[in-house]
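Note on naming: letters A, B, ... go to the chains in the order of the sequence lines (proteins, then strands), and numbering restarts at 1 for each one. Everything numeric here is computed off the predicted structure, so don't read it as measured data.
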Protein chains: 2
Amino acid sequence: MNAPVSAPVLTKNQSLVFDVLNRTDAPMSAYTILDKLRDHGFRAPLQVYRALDKLLEFGMVHRLESLNAFVACAHPESECCGHGHGHGSVAFAICESCGHVSEFHDHEVDHRLSDWAKRKGFKPAKTTIEIRGLCSACAA
Amino acid sequence: MNAPVSAPVLTKNQSLVFDVLNRTDAPMSAYTILDKLRDHGFRAPLQVYRALDKLLEFGMVHRLESLNAFVACAHPESECCGHGHGHGSVAFAICESCGHVSEFHDHEVDHRLSDWAKRKGFKPAKTTIEIRGLCSACAA
DNA sequence: CAATTGATGTAATAACATTACATATCAAAA
DNA sequence: TTTTGATATGTAATGTTATTACATCAATTG
Ligand SMILES: [Zn+2]
Ligand SMILES: [Zn+2]
Ligand SMILES: [Zn+2]
Ligand SMILES: [Zn+2]
């Protein structure tokens, strides 16, 4: 129920995809990533999707459901809940103007949603929390 | 900042789409809706998407981002926050086994997310909260 | 070595959504 | 009543996102 303690060894394609995502703080679609990697021999969407699947599994990348796009995990190393956000879920604030994404964790939100689930007998597998709006810079 | 007080008058296409969604509690994709309405003269995706856009605007339908699908609004008539969920956001628990969707509102969750936004100077426009997992029936 | 496993390459197709343009409807304004 | 503007609709084409199917390659292991 948590990410590997040590960083997993990435395959060549996984590294390439992760590096592309890690070099920008804006989310990217799989096809945009594909285009960025044509020079490195990428030809087909599946090369990207397969790498993304693994990176998601490793917890190194997040999928933004409301955007059909992906970002490198950017949560602070020493989050309140210790090693990564293995046990808690994460929320994203997405600026619709500049595309900037803030990743954060709110323990209390997590708790409230877990409580609701427990009361209803619902077994959560994955929670998505995304706030679309304007970042402080763009709202000014 | 809230849905119309009285139910809006729906056009023919809007009614057709809403009725389809309202007759099942499971989410449906736009193309599934299209197929259900072929008999009623629907031929193209846009007929569905246009109706959905309006129904979303009216607050009668919700889009499930993690599913690329739509459900009729099912929140209890007398929610804690009065008339519909005009001022608050709504959360969904989605069963990955049977497809059942529960819509609920948690004031405290809303508050925590708003607080975070306020602290960061982020101006929220729309918030998505979706919990994927197993409903009580399917988890048993 | 054979067998297994995981990663990769490629093509084709499926699923979801929008753009562009034409036409229709209806109610206010002239 | 005719014009005008706003909203709704019909249709085709296209764009974007994601998966299926199948072949190949490389490292591991019994
Ligand atoms: Zn993260
Ligand atoms: Zn911004
Ligand atoms: Zn609702
Ligand atoms: Zn279920």
Mind listing the side-chain donor-acceptor pairs of residues 39-51 of chain A below 3.5 Å, one per line with the distance, residues two or more places apart or on another chain?
| residue | atom | partner | partner atom | Å |
| --- | --- | --- | --- | --- |
| Gln47(A) | OE1 | Arg43(A) | N | 2.6 |
| Gln47(A) | OE1 | Ala44(A) | N | 2.9 |

With sequence neighbours excluded, residues passing side-chain contact (heavy atoms from CB on, under 4.5 Å) with [X]:
| X | answer |
| --- | --- |
| Asp19(A) | Arg23(A) |
| Asn22(A) | Phe18(A), Ala72(A) |
| Ser15(A) | Leu10(A) |
| Thr24(A) | Ala26(A), Met28(A) |

### Query
Does Asn68(A) place a side-chain N or O at less than 4.0 Å from the phosphate oxygens OP1/OP2 of dA18(D)?
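Result: yes.
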
### Query
Are OP1 or OP2 of dG6(C) and a side-chain N or O of Thr11(A) less than 4.0 angstrom apart?
no

### Task
Could you tell me which residues satisfy ring-ring contact (aromatic ring centres under 6.0 Å, His included) with Phe92(B), sequence neighbours excluded, listed by chain and number?
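Phe92(B) satisfies ring-ring contact (aromatic ring centres under 6.0 Å, His included) with His62(B) only.
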
Solution key, residues 116-126 of chain B side-chain donor-acceptor pairs under 3.5 Å, sequence neighbours excluded:
none

#### Entry: Gap between atoms OH and P, on Tyr49(B) and dT9(D) respectively (whole Å)
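From Tyr49(B) OH to dT9(D) P: 17 Å.
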
So which protein N/O to nucleotides 10-16 of chain D N/O distances come out below 3.5 Å?
| residue | atom | partner | partner atom | Å |
| --- | --- | --- | --- | --- |
| dG10(D) | OP2 | Asn13(B) | ND2 | 3.2 |
| dG10(D) | OP2 | Gln47(B) | NE2 | 2.3 |
| dG10(D) | N7 | Arg50(B) | NH2 | 2.5 |
| dG10(D) | O6 | Arg50(B) | NH1 | 3.1 |
| dG10(D) | O6 | Arg50(B) | NH2 | 3.1 |

### Query
For DNA chain C, what residues of residues 18-25 of chain B have any heavy atom nearer than 4.0 Å?
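Result for residues 18-25 of chain B: none.
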
